[in-house]
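This structure is a prediction, so every number in the text was calculated from the model and none was measured. For the numbers below, each heavy atom of this structure counts, side chains included, while hydrogens, waters and symmetry mates do not. Residue numbers start at 1 and run along the sequence shown.
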Amino acid sequence: MFKAAIRVNKITSIAQLRGATLHAERADETSQARLREGAEPGAALAWSKAPQSDRDYLAAHKAHKAELGAGERKGAPLCMQALCVISPEWVKAAGDLHDPDNPRNRALFDQAKAWAESWAGKGSVFGARLDLDEAGGAVVDLMIAPVRDSRGKPMISTQKALVELKAMTGERNEYSALQTSWADWSRQRLDAQIERGTRRVITDRQHLTSETYGLVKDKAREEVLRDQARTPDVVRALQSASELPPEAIDDLRDLLLLQREIQAHRRAPAAYEAPRAWELHPSLVDGTKTDPWPIINDVRKDAEKVVTTAQRFGMGMDDDRKGYEAGRAFFPALTDRMHLTAVIAKCADFCARAEAFVKNALAQLRGDERVPYPSHVQLWPQNAEAAVIRNEQNLGLRAPKVAKTVQRESKPEIEVEREAPVQSKHRSRDLDF
């Protein structure tokens, strides 16, 4: 398997465009220091809209605006720079990595430009370059300035194009959408063995110096190679799974879903939030719908899936009251079961909150009586908020409260509520949370 990855930054000033030009022309110290021994400086597959030079991105940007009759918004990015990466081994399989006549270098160069224009718009790319004078390779540098209509006028808008791409891919953020889209395009048009790189935060630098450009380019290559090195283990696991009966594959898929949430909670338990399709925001309810359930089900479907999947394996948000014994066969580590029980409770609590929020919002629009909340004892799953509190106390995330006690002295009885101290960090470390 080969990997595909994307690195992106937005260019916000003429100075940055000029710096990108100097780097492309090998006129800066950083690019000269990165030259491969024996390579001809500037060797590359290159193209731009500039009338005089295929590397003058400032001139190419001006020509681009003139061609499309586009303007710029004050303070908005002028364009974005995208590094389209493929595993170098894919290019090497057809010849030398640095050979301009290698058909895979040419295919990569052409398809990267075609991919960008498939979502940013026809003619949106005003510069493209695949450097062949550095040690690495298989990276196409694109300069993209999408143009969108704004109040009847064509304007450069990187954000609108990215939002549209996010909607097309169904990803949670624009840069994940870029990554997924490029991988899908490469797999369909370059090689069926190409797959998406590991999900991670993608570089979004507002000020990309030539030094930073080199570091980002190297990091992109390294991550692709690192992902590729991991591939054999993944492939072997998938091959083993393919031999399982369908019901076992379903169980494996569900266990992986729960394991993903366990790991997310272990990494940052205090910051963990239940997975959700939408945030609880007044815009969810616009008054055109009278039935709350389609909205409720859509908002909480991801969190509800965690709750119902755990129930399939006999686990629930109240397992802390049973000594965390449920699910031992599937999650042998006690800490995993403790974190999963907390996850189930938080997902259940979000389900109840979503129901209350939507019903309250509709009731308010109609002028009806509000649903009792946050007590929401009658909402499913019942008593989820109390389960969240208990499980967070068990994990040492909040101080447990001691029940009210009665001090019996010679004076009249007085009820006193005491709060226990936060558990020692040593205890959490001993349990390997």
Side-chain angles (χ1 to χ4, degrees), residues 1-11 20 23-24 44-48 54-55 57 60 79-92 94 97-98 100 102-132 134 136-146 158 161-162 165 168-169 171 174-200 202-205 208 212-228:
M1 289 290 183
F2 306 104
K3 296 289 184 177
I6 285 286
R7 288 294 177 272
V8 173
N9 75 284
K10 293 178 182 178
I11 291 180
H23 185 81
L45 299 177
W47 167 89
S48 82
D54 55 19
R55 297 161 194 260
Y57 296 138
C79 62
M80 57 182 140
Q81 184 176 30
L83 302 178
C84 305
V85 190
I86 295 292
S87 301
E89 283 69 21
W90 181 78
V91 175
K92 291 178 182 178
L97 179 62
H98 305 107
N102 184 325
R104 290 196 168 180
N105 270 330
R106 173 55 65 179
L108 174 58
F109 182 75
D110 293 340
Q111 288 302 325
K113 180 174 180 289
W115 163 75
E117 296 197 340
S118 73
W119 56 268
K122 185 177 180 181
S124 58
V125 176
F126 63 89
R129 194 178 77 256
L130 194 163
D131 292 325
L132 301 171
E134 298 180 357
V139 180
V140 180
D141 191 327
L142 299 177
M143 307 298 287
I144 311 168
T158 60
L162 290 173
L165 182 62
M168 284 191 291
T169 60
E171 289 285 354
E174 290 86 353
Y175 296 102
S176 291
L178 284 164
Q179 186 99 329
T180 295
S181 177
W182 169 237
D184 290 346
W185 184 278
S186 301
R187 182 169 53 254
Q188 294 165 10
R189 292 167 175 78
L190 292 177
D191 195 319
Q193 297 185 78
I194 295 175
E195 62 183 25
R196 191 189 196 282
T198 301
R199 292 179 180 272
R200 53 175 60 86
I202 298 178
T203 302
D204 176 24
R205 296 182 183 274
L208 196 73
T212 302
Y213 169 83
L215 291 173
V216 170
K217 200 170 181 180
D218 287 343
K219 184 178 180 182
R221 291 195 191 103
E222 289 168 2
E223 289 181 350
V224 165
L225 292 173
R226 184 166 61 249
D227 288 343
Q228 186 173 330

Exercise. So do the side chains of Ile194 and Trp185 get within less than 4.5 Å of each other, counting heavy atoms only?
Worked result: no
Seminar exercise, completed: Rounded to the nearest 0.5 Å, the CZ atom of Phe126 sits from the CG atom of Leu142 at a distance of 10.0 Å
Exercise. Do Thr169 and Trp119 touch side chain to side chain, with heavy atoms closer than 4.5 Å?
Worked result: no
Exercise. Between Arg104 and Trp90, is there a donor-acceptor pair closer than 3.5 Å when you use the side chain of the first and the backbone of the second?
Worked result: yes
Seminar exercise, completed: Taken to the nearest 0.5 Å, the spacing of Asn102 CG from Lys92 NZ works out to 11.5 Å
Problem set entry | Spacing of His23 atom NE2 and Gln81 atom CD [to the nearest 0.5 Å] | 8.5 Å
Exercise. Does any non-hydrogen side-chain atom of Lys113 lie less than 4.5 Å from one of Val140?
Worked result: no
For this session: Identify the two heavy atoms, one from Arg55 and one from Ala24, that lie closest to each other, and give their separation to 0.1 Å.
Result: NH1-O, 2.9 Å
Exercise. Does Arg196 reach the main-chain N or O of Ala183 with its side chain, forming a donor-acceptor pair under 3.5 Å?
Worked result: no
Exercise. What's the shortest heavy-atom distance between Ala4 and Gln179, and which atoms?
Worked result: O-NE2, 4.4 Å
For this session: Indicate yes or no: at least one non-hydrogen side-chain atom of Trp182 is less than 4.5 angstrom from one of Ile86.
Result: yes
Problem set entry | Close side-chain approach of Leu162 and Lys10, heavy atoms under 4.5 Å | yes
Exercise. Hey, what do you get for OH (Tyr57) to SG (Cys79), rounding to the nearest 0.5 Å?
Worked result: 10.5 Å
Seminar exercise, completed: Value for CG (Asn9) from CG (Leu83), rounded to nearest 0.5 Å, stands at 7.5 Å
Problem set entry | Side chain His98, main chain Gly136, donor-acceptor under 3.5 Å | yes
Exercise. Does any non-hydrogen side-chain atom of Glu174 lie less than 4.5 Å from one of Leu165?
Worked result: no
Problem set entry | Taking every non-hydrogen atom, the tightest pair across Pro146 and Met80 | CG-CE, 3.8 Å
Exercise. Would you call Cys84 and Ile6 a side-chain contact if the rule is heavy atoms closer than 4.5 Å?
Worked result: yes
Exercise. Do you know which two heavy atoms are closest between Val91 and Ala138, and how far apart they sit?
Worked result: CG2-CB, 3.9 Å
Problem set entry | Nearest non-hydrogen partners of Asn105 and Leu45, listed with the distance | O-CD1, 3.8 Å
For this session: Please list, chain by chain and in numerical order, all residues satisfying side-chain hydrogen bond (donor to acceptor under 3.5 Å, both in side chains) with Arg187, sequence neighbours excluded.
Result: Asp184
For this session: Could you tell me which non-hydrogen atom of Val125 sits nearest to which non-hydrogen atom of Trp47, and how far apart they are?
Result: O-CH2, 3.3 Å
Problem set entry | Pairwise side-chain contact, Leu190 with Leu108, heavy-atom cut-off 4.5 Å (strictly under) | yes
